[in-house]
Amino acid sequence: RPSKDVSFVSCAKLDATAPSTHVHKHGCTISVRNTALADWNTCGVAMCGVFAALSCRRSLSNHGSHRLRCGGRPTSNTVRLATGSDVGVVLLSAGVGKRMGASIPKQYIKLMGLEIALHSLDTFLACDVAEIVIVCAEDWKFVFEDHLKKKGPVEVDVKFTTGGDERQDSVNNGLAKIQAPIVAIHDAARPLVTKDEVEKVVADAREHGAALLAVRTKATIKQAVSESKAFVEGTPQRKLLWEAHTPQVIQSELLRKGFEKAEKEGLEVTDDVSLVEQLGEKVKLTEGEYTNIKVTTPEDIAVAETILKERGFVPPTE
Ligand SMILES: C[C@](O)(CO)[C@H](O)COP(=O)(O)OP(=O)(O)OC[C@H]1O[C@@H](n2ccc(N)nc2=O)[C@H](O)[C@@H]1O
């Protein structure tokens with residue numbers, strides 16, 4: 001794990017002789033030992049918190065760039081890291097929100113004076129991310145643009161793209177604009193996700209390749225015979241059941257592979273890690289908070305407002 005005063009470094013395809021993609025927030029030079037490089041390679045971990053396990057110490061800090069020297073003699077394997085975090089975000093805001101029955105898409109309804117979609121946008125802007133792709137209809141882009149204008153310059157690269165017919169199509173459109181090696185996909189309809197939750201699920205995805213925020217199911221769940229036949233087929237063991245939330249965080253290339261398979265086989269999914277599951281890859285369940293609700297029907301707005309009040313959320317001034 002990265003320590004507090006040493007920023008996280010991740011390397012895709014770290015290799016002793018030919019380091020390839022290197023991303024780091026501040027732009028670092030790090031000297032690493034051959035043995036350590038070999039270890040990371042054999043782990044087969046595409047995204048590595050490289051220096052964290054080593055006894056790194058910061059020996060130079062100048063103009064926002066740091067030189068980190070790791071234990072052992074520095075070798076010729078000096079890795080130059082480009083500027084930027086290794087995480088990109090796809091913020092899904094292109095749904096119509098039929099179940100809300102409102103005159104506008106639910107994510108643009110104001111919650112304590114701020115549009116639902118802007119709550120999680122602000123959370124991600126406060127996290128260590130390199131880019132945010134907002135997937136939304138052209139007509140609603142102004143909500144985000146006005147908000148960003150009010151905020152002033154942000155470090156994160158914010159881009160836009162339009163959505164597709166289904167959530168899955170919107171994710172694919174967003175993913176096409178992602179450059180970061182890790183992508184966090186989030187429903188704009190989940191305004192209450194916290195920075196802590198985001199950091200936790202991103203850390204799990206770095207370690208395991210894919211992770212999602214989820215909570216243990218409180219109710220007993222029944223499986224019906226079919227969509228139209230409301231009779232019980234069975235009762236899955238509750239202790240094994242989790243309710244999926246977002247963000248769902250996946251190595252970008254792994255998700256791209258998942259989409260390729262889905263396209264070939266005509267797979268339809270209702271969340272993103274399902275595409276990773278279809279590839280037979282592991283997905284980590286990161287225990288999140290019950291407060292990370294999806295605003296779907298009108299009563300959810302009242303619940304969300306109560307939670308925000310409890311958190312001491314201050315509505316923005318006009
Ligand atoms: C991923 C999960 O949150 C996990 O529980 C759910 O399975 C999502 O369920 P869902 O029915 O797709 O939820 P919705 O609230 O309708 O949509 C989730 C998010 O996707 C966005 N969305 C939906 C459909 C679409 N064509 N493009 C989109 O960008 C919505 O604006 C919303 O912010």
Side-chain angles (χ1 to χ4, degrees), residues 89-111 114-124 132-141 143-144 159-178 183-193 197-198 201 205 210-219 221 227 241-250 255 258-259 262 267-278 283-301 303-304:
V89 176
V90 171
L91 185 64
L92 292 172
S93 194
V96 289
K98 239 190 259 164
R99 289 167 285 183
M100 184 59 75
S103 56
I104 56 170
K106 63 181 178 185
Q107 60 275 24
Y108 302 113
I109 295 173
K110 285 198 176 171
L111 180 61
L114 186 68
E115 284 83 350
I116 287 175
L118 299 182
H119 282 268
S120 51
L121 174 62
D122 280 352
T123 303
F124 284 110
I132 300 177
V133 179
I134 300 172
V135 186
C136 71
E138 205 50 52
D139 288 355
W140 288 99
K141 217 171 142 180
V143 172
F144 302 98
K159 316 167 211 188
F160 290 89
T161 192
T162 51
D165 288 345
E166 302 298 331
R167 183 183 178 283
Q168 185 176 342
D169 305 317
S170 295
V171 175
N172 208 3
N173 291 1
L175 182 64
K177 294 233 164 182
I178 287 287
V183 61
I185 296 136
H186 186 65
D187 295 335
R190 291 188 186 272
L192 302 178
V193 71
E197 284 180 292
V198 173
V201 68
L212 76 152
L213 279 180
V215 289
R216 290 175 191 276
T217 308
K218 291 182 192 174
I221 305 292
E227 214 178 326
L241 296 180
W242 295 65
E243 184 186 311
H245 288 176
T246 67
Q248 304 204 345
V249 189
I250 304 165
L255 187 57
F259 268 110
L267 303 171
E268 284 175 16
V269 294
T270 55
D271 75 345
D272 317 300
V273 291
S274 290
L275 295 171
V276 178
E277 294 162 39
Q278 297 283 352
V283 177
K284 174 78 176 139
L285 286 157
T286 303
E287 189 144 22
E289 304 291 336
Y290 288 101
T291 47
N292 185 17
I293 58 167
K294 184 158 69 65
V295 176
T296 308
T297 51
E299 60 277 8
D300 296 329
I301 298 208
V303 174

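Numbering of ligands and ligand atoms starts at 1, following listing order. What you see below is based on every heavy atom in this structure, not just the backbone, and it leaves out hydrogens, waters and symmetry mates.
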So, do [X] and [Y] sit near enough that their side-chain heavy atoms are less than 4.5 Å apart?
X: Val135; Y: Leu91; answer: no
X: Thr296; Y: Lys106; answer: yes
X: Val283; Y: Gln248; answer: no
X: Gln168; Y: Phe259; answer: yes
X: Arg216; Y: Tyr290; answer: yes
X: His186; Y: Ile132; answer: no

As an exercise, identify every atom of ligand 1 less than 4.0 angstrom from a heavy atom of [X].
X: Gln107; answer: 31 (O)
X: Glu166; answer: 25 (C), 26 (N)
X: Arg190; answer: 2 (C), 3 (O), 4 (C), 5 (O)
X: Ala188; answer: 33 (O)
X: Asp271; answer: 1 (C)

Do ligand 1 and [X] have nitrogen or oxygen atoms that lie under 3.5 Å from each other?
X: His245; value: no
X: Ser170; value: yes
X: Gly95; value: yes
X: Thr296; value: no

* To do: Please state which part of Asp272 comes within less than 4.0 Å of ligand 1, counting heavy atoms only: side chain, backbone, both or neither.
  => neither
* Looking only at non-hydrogen atoms, which of Gly164, Ala117, Ala94 approaches atom 26 (N) of ligand 1 most closely? ->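 Shortest heavy-atom distance from atom 26 (N) of ligand 1: Gly164.
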* Heavy-atom nearest neighbour of atom 14 (P) of ligand 1 within options Arg167, Lys106, Lys98, His186 -> Lys106
* Asked: So does Glu166 have more than 12 non-hydrogen atoms from other groups sitting under 6.0 Å from CD?
  ->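 Open.
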* Asked: Does CD belonging to Glu299 count more than 12 external heavy atoms closer than 6.0 Å?
  ->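 Atom CD in Glu299 is crowded, with more than 12 foreign heavy atoms closer than 6.0 Å.
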* **Euclidean distance, Ser103 OG relative to Tyr108 OH, rounded to 0.5 Å** =>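 Tyr108 atom OH to Ser103 atom OG measures 14.0 Å (nearest 0.5 Å).
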* To do: Can you measure from OG1 (Thr246) to CZ (Arg190) and round to the nearest 0.5 angstrom?
  => 5.0 Å
Please report which non-hydrogen protein atom sits nearest to [atom], along with the residue it belongs to and the distance in Å to one decimal place.
atom: atom 33 (O) of ligand 1; answer: Leu92 O, 2.8 Å
atom: atom 13 (O) of ligand 1; answer: Lys294 NZ, 3.1 Å
atom: atom 11 (O) of ligand 1; answer: Arg99 NH2, 2.9 Å
atom: atom 19 (C) of ligand 1; answer: Asp187 OD1, 3.3 Å
atom: atom 6 (C) of ligand 1; answer: Thr270 O, 3.8 Å
atom: atom 5 (O) of ligand 1; answer: Ala244 O, 2.6 Å

* Whether Asp165 lies under 4.0 Å from ligand 1, heavy atom -> yes
* To do: State if Gln168 counts as touching ligand 1 under the rule of any non-hydrogen atom under 4.0 Å.
  => no
* Structure fact -> Scanning both residues in full, the closest heavy-atom pair of Ile116 with Ala188 reads CG2-O, 3.4 Å
* Salt bridge between Asp272 and Arg167, side-chain N to carboxylate O under 4.0 Å? -> yes
